[in-house]
Undergrad: 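Structure incoming, see below.
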Amino acid sequence: MTSPTPTLLVIAHGSRDPRHAATVAALCARARSLRAGLRVEAAFLDFNAPRVGQVLDRLAAEGARDAEGAHDIVALPLLLTRAFHAKADIPAVLREATARHLGLRIRQADVLGPSPLLTRALERRLYEAGLRPGDRRSTGVVLASAGSTDPEAIAVIAEIAREWRHTGWCAVRPAFASASLPRTEDAVRALRAEGVRRVAVAPYVIAPGRLPDRIAHGAREAGADVLAGVLGPAPELARLLLRRYDEARAGTGAGSGSGAGAGELTALTA
């Protein structure tokens, strides 16, 4: 008998902004459309329903189990960096679920970033906002993320900006909506002061909400020429969900085998 394909459980943070949950649902729908037969469920840490524990309780009660009698799940943090939620919050809620249900086998996939697919999605949004490929050499980009108090996450954003700059953009500067500096408006003004002719802001965020709105406000306040949309259900992002899912199943993710931290392939058993 063939074992059931593991369920992909996409874990988002959640937001009071209804656009957030709608965007997560659209992204999951796109992932399903790319992988026929794959069960994709969405759950949230806060603000939105269903919560992660509720979905895991429901899955544990269902009958689709592998040859060892376990319901196999790949839990994928819908996060762009390995900050607190990926390192602490998500592993904790997964441990709680497996303590309640002996029949759950959960592997935590790596976070989404960094990845060339994310860079392609950023460029897709910039081109949709009006830029053309020929504008790269005269355009400075502000890579605007939500921000974090985690030094590892901040370092990742800075490295993405450095690497992206080498693909032909006039300049790429990181910026943050909270917790870290510079703010989006300050990065836009800094590029202007350096003589950059055209400044574009690329939000490095997945779904709309309070912090993405702050990024947009800063871009407009500082007079950015182009403001791209959030990554949302971009096809590149949906493909990346499936890539992280496959890596977790195969044990080839970036964190595989290196300990018990979040973002790693982790078999959580009671």
Side-chain angles (χ1 to χ4, degrees), residues 8-17 19-21 23-24 27-28 41-56 73-100 106-115 118 143-161 174-184 203-215 230-231 237 240-241 244-245 247-248 253-268:
L8 171 57
L9 175 62
V10 177
I11 302 178
H13 180 270
S15 171
R16 293 184 178 91
D17 189 321
R19 297 173 297 171
H20 178 92
T23 300
V24 173
L27 178 58
C28 290
E41 298 275 353
F44 301 89
L45 289 173
D46 205 356
F47 301 117
N48 301 103
R51 299 293 178 86
V52 179
Q54 293 173 323
V55 175
L56 291 173
I73 298 165
V74 172
L76 194 159
L78 196 63
L79 301 168
L80 298 176
T81 59
R82 288 185 66 243
F84 183 78
H85 295 304
K87 293 178 179 178
D89 287 346
I90 291 175
V93 74
L94 298 182
R95 281 194 297 270
E96 290 170 3
T98 52
R100 292 194 305 273
I106 306 175
R107 288 170 281 185
Q108 183 175 327
D110 289 328
V111 297
L112 299 178
S115 168
L118 289 172
L143 179 67
S145 76
S148 174
T149 57
D150 189 310
E152 179 185 351
I154 299 304
V156 167
I157 300 299
E159 179 61 22
I160 292 169
F176 307 93
S178 67
S180 307
L181 296 174
R183 296 286 184 257
T184 302
Y204 191 60
V205 291
I206 294 172
R210 179 175 58 87
L211 295 179
D213 284 350
R214 188 179 296 175
I215 290 170
V230 299
L231 297 171
L237 206 60
L240 185 54
L241 295 188
R244 294 290 183 253
Y245 170 83
E247 290 169 350
S256 299
S258 59
E264 299 166 1
L265 177 66
T266 308
L268 298 169

Undergrad: Indicate the atoms forming the closest heavy-atom contact of Val55 with Ala42, along with that distance.
TA: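 Here Val55 and Ala42 meet closest at CG2-O, 3.9 Å.
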
Undergrad: Evaluate Gln54 against Val52 for side-chain contact (heavy atoms from CB on, under 4.5 Å), listing each step before the verdict.
TA: CA-CA 5 Å; Gln54 293 173 323; Val52 179; over 6 Å; no

Undergrad: Report yes if some heavy atom in the side chain of Ile11 is under 4.5 Å from a heavy atom in the side chain of Leu45; otherwise report no.
TA: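 They are in side-chain contact.
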
Undergrad: So, for Thr23 and Pro208, which heavy atoms are closest and what is the spacing to 0.1 Å?
TA: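 Of all heavy-atom pairs spanning Thr23 and Pro208, the closest is OG1-CD, 3.2 Å.
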
Undergrad: State which residues pass side-chain contact (heavy atoms from CB on, under 4.5 Å) with Asp213; sequence neighbours excluded, sorted by chain then number.
TA: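 For Asp213, the residues satisfying side-chain contact (heavy atoms from CB on, under 4.5 Å) (neighbours in sequence not counted) are Asp17, Arg19.
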
Undergrad: Run the side-chain contact (heavy atoms from CB on, under 4.5 Å) test on Leu56 and Ile106 for me, step by step, so that the C-alpha distance in whole Å, both residues' side-chain angles and the decisive distance to 0.1 Å come before the verdict.
TA: CA-CA 10 Å; Leu56 291 173; Ile106 306 175; 4.0 Å; yes

Undergrad: Not counting sequence neighbours, list each pair that qualifies as a side-chain hydrogen bond (donor to acceptor under 3.5 Å, both in side chains) and has a residue in residues 145-158.
TA: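 For residues 145-158, and leaving out neighbouring residues, the side-chain hydrogen bond (donor to acceptor under 3.5 Å, both in side chains) pairs sorted by first residue read Arg82-Glu152, Lys87-Asp150, Lys87-Glu152.
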
Undergrad: Would you name the heavy atoms of Leu181 and Arg183 that are closest together and state the gap between them?
TA: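 Smallest heavy-atom distance, with atoms named: CD2-NH1, 3.7 Å.
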
Undergrad: Identify, with sequence neighbours excluded, every residue that meets side-chain contact (heavy atoms from CB on, under 4.5 Å) alongside Val156.
TA: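 Testing Val156 for side-chain contact (heavy atoms from CB on, under 4.5 Å), a comparison that skips the adjacent residues, returns Thr81, Pro114, Ile160.
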
Undergrad: Do His13 and Asp89 make a side-chain contact, defined as non-hydrogen atoms from C-beta onward lying under 4.5 Å apart?
TA: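 His13 does not reach Asp89 side chain to side chain.
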
Undergrad: With a 4.5 Å cut-off on side-chain heavy atoms, are Ile215 and Val205 touching?
TA: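 A side-chain contact exists here, since the closest heavy-atom pair is under 4.5 Å.
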
Undergrad: Residues in salt bridge (charged side-chain N to carboxylate O under 4.0 Å, His left out) with Arg214, at least two apart?
TA: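 Partners of Arg214 by the salt bridge (charged side-chain N to carboxylate O under 4.0 Å, His left out) criterion come out as none, since no residue qualifies.
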
Undergrad: Kindly indicate, with the supporting measurements, whether the criterion side-chain contact (heavy atoms from CB on, under 4.5 Å) is fulfilled by Leu231 and Leu118.
TA: CA-CA 8 Å; Leu231 297 171; Leu118 289 172; 4.1 Å; yes

Undergrad: Using salt bridge (charged side-chain N to carboxylate O under 4.0 Å, His left out) as the criterion, list what pairs up with Arg244, not counting sequence neighbours.
TA: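 If we apply the salt bridge (charged side-chain N to carboxylate O under 4.0 Å, His left out) test to Arg244, skipping adjacent residues, the hits are Glu247.
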
Undergrad: Which residues satisfy the side-chain contact (heavy atoms from CB on, under 4.5 Å) test with Ala12, sequence neighbours excluded?
TA: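 Listed in chain order: His20, Val24, Phe44, Leu78.
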
Undergrad: Which heavy-atom pair separates Gly147 from Ala179 by the least distance, and what is that distance?
TA: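 Answer, listing the atom of Gly147 first, then Ala179: C-CB, 4.3 Å.
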
Undergrad: Within a strict 4.5 Å, meaning less than it, do heavy atoms of the Val111 and Leu80 side chains meet?
TA: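 Side chain of Val111 against side chain of Leu80, heavy atoms only: no contact under 4.5 Å found.
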
Undergrad: Checking Leu112 against Leu241 for the side-chain contact (heavy atoms from CB on, under 4.5 Å) test, could you report, in this order, the C-alpha distance in whole Å, the side-chain angles of both residues, the deciding distance, and whether it holds?
TA: CA-CA 7 Å; Leu112 299 178; Leu241 295 188; 3.7 Å; yes

Undergrad: Of all heavy-atom pairs between Pro212 and Val230, which one has the smallest distance, and what is that distance?
TA: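 Scanning both residues completely, I find the closest heavy atoms to be CB-CG1, 4.1 Å.
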
Undergrad: Check whether any side-chain heavy atom of Glu41 sits under 4.5 Å from a side-chain heavy atom of Leu8, and report yes or no.
TA: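 No, their side chains stay 4.5 Å or more apart.
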
Undergrad: Quick one: does Gln108's side chain get under 4.5 Å of Leu94's, heavy atoms only?
TA: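 Yes - at least one pair of side-chain heavy atoms lies under 4.5 Å apart.
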
Undergrad: Does the side chain of Thr184 come within less than 4.5 Å of Phe176's, by heavy atoms?
TA: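 Contact flag for Phe176/Thr184 side chains = no.
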
